[in-house]
Amino acid sequence: MPVAIEYYLGLAVILFIIGAMGVLLRRNALIIFMSVELMLNSANLAFVAFARYWQQPGGQIFVFFIMTVAAAEVAVGLALIVTIFRSKASIDVDQMNSLKG
Amino acid sequence: MNIQLILFFVLALVAIATALGMLVSRNAVYAALFLVLNFATVAVFYLLLDAPFISVAQVTVYAGAIMVLFLFVIMLLGGEKLNYPSKLPWQRPAAIVLGVILFAEAVIIVLGQRGLLPMDMALPEYFGSPVDIGGTLFTQYLLPFEVTSVLLLVAIVGAIVLTKTEKK
C-alpha cells in the first residue's frame, strides 16, 4: 500500500472545495443539490481512507450510514424542488424569497 | 513509481476534472453525467483502499439510484437549460476567496499534523469484506442501523406527502 494517506486527504479536500464552490456559485437548485452530494462523497472518501490506515471497519460503517442519509436527503429534496417548480415555475434559489418579511 | 500510485494519480485527475466539469457545465444533464463519472472514480478509490463492499454500494446507491433520481427530475422539470445569473455581483469573487482560504487551511492542517496521521500497515485478511462489514453492522452498530430504517421510512412518507396533488 504505497499511496500515503495525505494524498487521499488532499483529494478529499479538493473535491469538498469544488462542491462548496458549486453551492456558492450556482443558482440552479438541482446543481446545488449535486454539489452537496459531491461534498458528502468527499467526506466519505476521507472516512474510508482513515478506516484503511487505522484498520478500523467503523469508518466504513459510517460511510454506509452517510449513503443512507444522502439517499433520504435526495428523495425529500427532489420532492421539494418538484413542488417549488410546480408553484413558481422556476428552481432559481434567489426566487425562493416568499418568506422574506 | 508503482502501479497503485500511477492509478491513484490518473484517477485523481479524472475525479477533479469531472468535479470541475460539473461545476462549470451549463447543461444540468451534463452536470449529472459528470457527477456519475466522479462517483465511479471514487468507487475505484474505495477498491484501492480495501473497501470492496462500500465500493459496490457506492456504484449501486450513488451512481445508480441517486443519479437516476436526479436525471429523472431534471427531465421531468425540463430543467436542463435553466441557468440563472446571480444577482449579487460580489458573490463570485467572495466565494473564490473563501475557497482559497479553506484550501490553505486544509493544507496547513494536513501537513502540520503529519506525525499524527496513521502510517501504512498490513491489514487483516478479511478487512472490508461483506462478512466483516455485516458482522460489525449487525452487532456493534445495530441501533444506528435500525434508526436509519426509520429515517428511510420518514423520507418515503415525506416525499409522497410533498409531491401528492390535493384532490379538491
Check your understanding: Parallel, tilted or perpendicular: which describes the rings of F64(A) and F145(B), with under 30° parallel and over 60° perpendicular?
Key -> parallel
Honestly, the part of T83(A) sitting under 4.5 Å from a heavy atom of chain B is side chain
Note: vs chain B, highest number of non-hydrogen pairs under 4.5 angstrom among V23(A), I61(A), I14(A), V76(A) is I61(A)
dist T60(B):OG1 -> M67(A):CE (nearest 0.5 Å) comes out at 7.5 Å
So CZ of F103(B) and CE of M21(A): to nearest 0.5 Å the spacing works out to 12.0 Å
- Task: May I ask you to test the L25(A)-R92(B) pair for a side-chain heavy-atom distance under 4.5 Å?
- Result: yes
Under 3.5 Å, side chain of E6(A) to main-chain N/O of L111(B), donor-acceptor pair present? no
The interface call for L45(A) against chain B, heavy-atom contacts under 4.5 Å, is both
Quick one: does F53(B)'s side chain get under 4.5 Å of Q60(A)'s, heavy atoms only?
no
Minimal heavy-atom distance between A31(B) and I31(A), with the atoms involved, is CB-CD1, 3.7 Å
Interatomic distance, CD1@I17(A) vs CG@L98(B), rounded to 0.5 Å, equals 11.0 Å
**Message:** Do Y62(B) and N44(A) have side chains that approach each other closer than 4.5 Å (heavy atoms only, starting at C-beta)?
**Reply:** yes
What one should report as the nearest heavy-atom pair of A19(B) and L38(A) is CB-CD2, 3.8 Å
Test item: E37(A) and F39(B) side chains (from C-beta on) under 4.5 Å apart, heavy atoms:
yes
Quiz item: Is there a side-chain contact between N41(A) and L35(B) (heavy atoms, below 4.5 Å)?
Solution: no
Turns out that what part of I18(A) lies under 4.5 Å from chain B's heavy atoms comes down to both
Taking every heavy atom of A72(A) against every heavy atom of L152(B), the minimum-distance pair comes out as CB-CD2, 4.3 Å
Side-chain heavy-atom pair F72(B), L78(A) within 4.5 angstrom cut-off: no
_Is there a side chain to side chain contact (heavy atoms under 4.5 Å, CB included) between F65(A) and L137(B)? Walk through the geometry before answering._
CA-CA 10 Å; F65(A) 290 140; L137(B) 192 61; 3.8 Å; yes
**Item:** Working for side chain to side chain contact (heavy atoms under 4.5 Å, CB included), residues Q58(B) and V63(A)
**Value:** CA-CA 9 Å; Q58(B) 164 90 2; V63(A) 171; 5.9 Å; no
Heavy atoms of S35(A) and M22(B) approach each other most closely as OG-CE, 3.5 Å
Whatever's closer than 4.5 Å to a heavy atom in chain B on V48(A) counts as both
What I'd like to find out is whether the side chain of Y7(A) reaches to under 4.5 Å of the side chain of L5(B), using heavy atoms alone. yes
CD1 (I81(A)) and CD1 (I74(B)) are apart, to the nearest 0.5 Å, by 9.5 Å
When the 4.5 angstrom heavy-atom criterion is applied to V69(A) and chain B, the contacting part is both
- request: Would you check if L11(A) and I16(B) make a side-chain contact, meaning some heavy-atom pair closer than 4.5 Å?
  value: yes
Honestly, the part of F50(A) sitting under 4.5 Å from a heavy atom of chain B is side chain
So, the part of A32(B) with a heavy atom under 4.5 Å from chain A: the answer is both
Would the number of heavy atoms belonging to other residues, nucleotides or ligands and lying under 6.0 Å from CZ of F62(A) be above 12? no
